[in-house]
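Predicted, not measured: the structure shown is a model, and the values here were computed from it.
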Amino acid sequence: VQLQASGGGLVQAGASLRLSCAASGLAFRSYAMGWFRQAPGEQREFVAGISGVRARTFYADSVKGRFAISRDNARDSDKNTMYLHMSTLKPEDTAVYYCAASLESRGVVPRVYDYWGQGTQVTVSS
């Protein structure tokens with residue numbers, strides 16, 4: 001199983017970014033997917049999640065209305081990708097963002113996620 005996160009960068013407050021997570025080696029539709037983030041000296045925290053087939057979404061309160069998670073359950077496994085559209089970014093959104101896969105449909109804690117990507121850095125300047 002491989003999860004490859006990308007799309008991070010340095011932006012100013014108020015800007016937008018889209019993160020991607022390319023998944024391979026797993027039955028993508030069977031897994032809920034999630035985004036977590038970890039700032040220096042902080043614990044890894046849940047950001048957003050999306051269930052498998054029905055693609056139901058759920059968010060941390062801190063990002064509701066600003067972030068949107070989506071997924072492409074294409075039959076072509078090379079296109080199995082999850083996205084995080086981030087808008088109205090704030091300096092407090094600065095962190096390394098990780099994508100993860102879970103067999104639990106609405107997991108919000110890291111321990112229920114089975115596979116993790118390597119992380120992509122998002123830095124928001126004020």
Side-chain angles (χ1 to χ4, degrees):
V1 175
Q2 187 172 23
L3 302 178
Q4 183 74 37
S6 62
L10 171 62
V11 297
Q12 289 188 329
S16 299
L17 273 177
R18 187 183 77 164
L19 305 184
S20 300
C21 177
S24 61
L26 77 170
F28 189 64
R29 295 184 184 188
S30 298
Y31 284 80
M33 300 295 293
W35 286 98
F36 287 77
R37 65 188 181 187
Q38 188 167 18
E42 302 290 332
Q43 291 188 335
R44 192 168 297 190
E45 66 172 358
F46 170 77
V47 175
I50 185 166
S51 65
V53 175
R54 295 187 177 185
R56 291 177 174 172
T57 60
F58 46 106
Y59 299 92
D61 287 343
S62 59
V63 305
K64 279 181 182 176
R66 299 189 299 122
F67 290 12
I69 188 171
S70 62
R71 65 188 294 161
D72 182 354
N73 286 345
R75 292 193 177 277
D76 183 348
S77 61
D78 288 342
K79 298 180 180 178
N80 289 159
T81 307
M82 173 183 65
Y83 303 96
L84 185 67
H85 302 258
M86 305 185 294
S87 61
T88 319
L89 282 162
K90 304 175 181 180
E92 50 263 44
D93 294 318
T94 295
V96 176
Y97 283 70
Y98 298 90
C99 60
S102 172
L103 288 174
E104 187 167 311
S105 62
R106 291 183 65 86
V108 297
V109 293
R111 62 178 171 82
V112 303
Y113 282 78
D114 304 292
Y115 303 106
W116 291 83
Q118 85 290 359
T120 184
Q121 176 71 46
V122 173
T123 303
V124 184
S125 63
S126 57

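- Remark: Glu45 engages Arg37 in a side-chain contact (heavy atoms from CB on, under 4.5 Å) (not counting sequence neighbours).
- Among residues at least two apart or in separate chains, disulfide (SG to SG under 2.5 Å) pairs with a member in residues 5-49 are Cys21-Cys99.
- In this structure, the side chains of Leu19 and Tyr83 stay at 4.5 Å or more apart for every pair of heavy atoms.
- Every salt bridge (Lys or Arg N to Asp or Glu O under 4.0 Å) that Lys64 has, sequence neighbours left out, goes to Asp61.
- Partners of Tyr97 by ring pair (Phe, Tyr, Trp, His ring centres under 6.0 Å), not counting sequence neighbours: none found.
- Applying the ring pair (Phe, Tyr, Trp, His ring centres under 6.0 Å) test to residues at least two apart or on different chains, the pairs with a partner in residues 41-67 are Phe36-Phe46, Phe46-Phe58.
- Take Ala15 and apply the side-chain contact (heavy atoms from CB on, under 4.5 Å) test, not counting sequence neighbours, and it matches Val11.
- Checked against salt bridge (Lys or Arg N to Asp or Glu O under 4.0 Å), Arg66 has the following partners two or more places apart in sequence or in another chain: Asp93.
- For Arg111, the side-chain contact (heavy atoms from CB on, under 4.5 Å) partners are Val109, not counting sequence neighbours.
- Among pairs with a residue in residues 112-121, those fulfilling side-chain hydrogen bond (donor to acceptor under 3.5 Å, both in side chains) read Gln121-Thr123, at least two apart in sequence or across chains.
- Grouped with Leu10 in a hydrophobic cluster is no other residue, since no side-chain heavy-atom contact under 4.5 Å to another Ile, Leu, Val, Met, Phe, Trp or Tyr is found.
- For Gln4, the side-chain hydrogen bond (donor to acceptor under 3.5 Å, both in side chains) test picks out no residue, with sequence neighbours left out.
- Judged by distance alone, the side chain of Ser51 and the main-chain N or O of Arg56 form a donor-acceptor pair under 3.5 Å.
- In this structure Glu92 satisfies the side-chain contact (heavy atoms from CB on, under 4.5 Å) test together with Lys90, sequence neighbours excluded.
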